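Below: one structure, written as structure tokens.
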Amino acid sequence: MKKILVVLLVLLFLSPAAMAKKVGDVEVADSITLDGQNLVLNGAGIRIKKVAFISLEIYSGGLYLKAKNADAQAIMDADAPMAIRLYITTNKASKEKLVDAWNEGFDRATGGKTESITAEIGKFNALFKTDPKEGDMYEIAYVPGKGITVAMNGASQGDAITGLEFKKAVFGIWLAKNDDEYLNDLKAGLLGK
């Protein structure tokens, strides 16, 4: 009888529901597969945007790496597979607002020196073709030798964008130094803090 109970408890803890982390109202997987490689959830958080006197949740996000790492600069600099998943949690997001946010992030990540990756930024922004709805999921992933890809709800949004410098800037959108307390809260979550 004890053996049956132990087996049932093990199965319960290995069930898919136990293999996810709740971030706001979103279940974020503990691991994903990218280009045949297993990535683990490094951390997760919620992107909040303050509009006038209202704090609006835009998305919940999870950062996936080969191994956990709390060093933002090391993650940005790494030529290693990684992904960030963004789960849209509002119907107030638009492709224009996302692109504006990405451009601000590129500016922060490069210290205002985006000239060398202007073409790549244009290609990246063009991958956000439709307004997201609540429940949509973006996966922004990097595979060494292949580049950055964007998928929406599992569907590729276009060709990969190559370049390690561009990859650093993309992940810098969330991990670079910034003065926004809400972005810092998200960054801390993504770093597992």
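Side chains are part of it too, since the values below use all heavy atoms of this structure and drop only hydrogens, waters and symmetry mates. Fair warning: this is a prediction, and the values are worked out from it, not measured in the lab.
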Worksheet item: Between Trp102 and Tyr59, what is the ring plane arrangement, given parallel below 30°, perpendicular above 60°, and tilted in between?
Response: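 Rings of Trp102 and Tyr59: tilted, as their planes differ by 30° to 60°.
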Discussion item. Show, in sequence, the C-alpha distance, side-chain angles and deciding distance for Gln37 and Lys66, and conclude whether the side chain to side chain contact (heavy atoms under 4.5 Å, CB included) test is met.
Written reply: CA-CA 8 Å; Gln37 299 182 63; Lys66 290 285 287 176; 3.3 Å; yes
Discussion item. Between Tyr138 and Phe128 (judged by ring centroids, cut-off 6.0 Å), do the two rings come close enough to count as a pair?
Written reply: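 Yes, close enough.
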Discussion item. Please check if the number of heavy atoms outside Lys193 that lie under 6.0 Å from its NZ is greater than 12.
Written reply: no
Worksheet item: Crowded around Asp25 CG? As in, over 12 foreign heavy atoms under 6.0 Å?
Response: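 Counting neighbours around CG of Asp25, 12 or fewer heavy atoms of other residues, nucleotides or ligands fall under 6.0 Å, so no.
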Would a 4.5 Å heavy-atom cut-off, applied to side chains only, mark [X] and [Y] as touching?
X      : Y      : value
Thr110 : Phe166 : no
Ile58  : Ile46  : no
Lys168 : Leu164 : yes
Arg108 : Asp179 : no
Asn178 : Asn184 : yes
Lys21  : Glu27  : no
Glu120 : Ile148 : no
Thr149 : Asp159 : no

Item to complete: I would like to know whether Asn69 and Asn42 meet side-chain hydrogen bond (donor to acceptor under 3.5 Å, both in side chains); could you show each step before the answer?
Response: CA-CA 7 Å; Asn69 189 339; Asn42 193 66; over 6 Å; no
Worksheet entry | Quiz item: cation-pi between Lys167 and Tyr142, 6.0 Å / 45° | yes
Fill in: Nearest non-hydrogen partners of Ile32 and Ala29, listed with the distance
CG2-CB, 4.5 Å
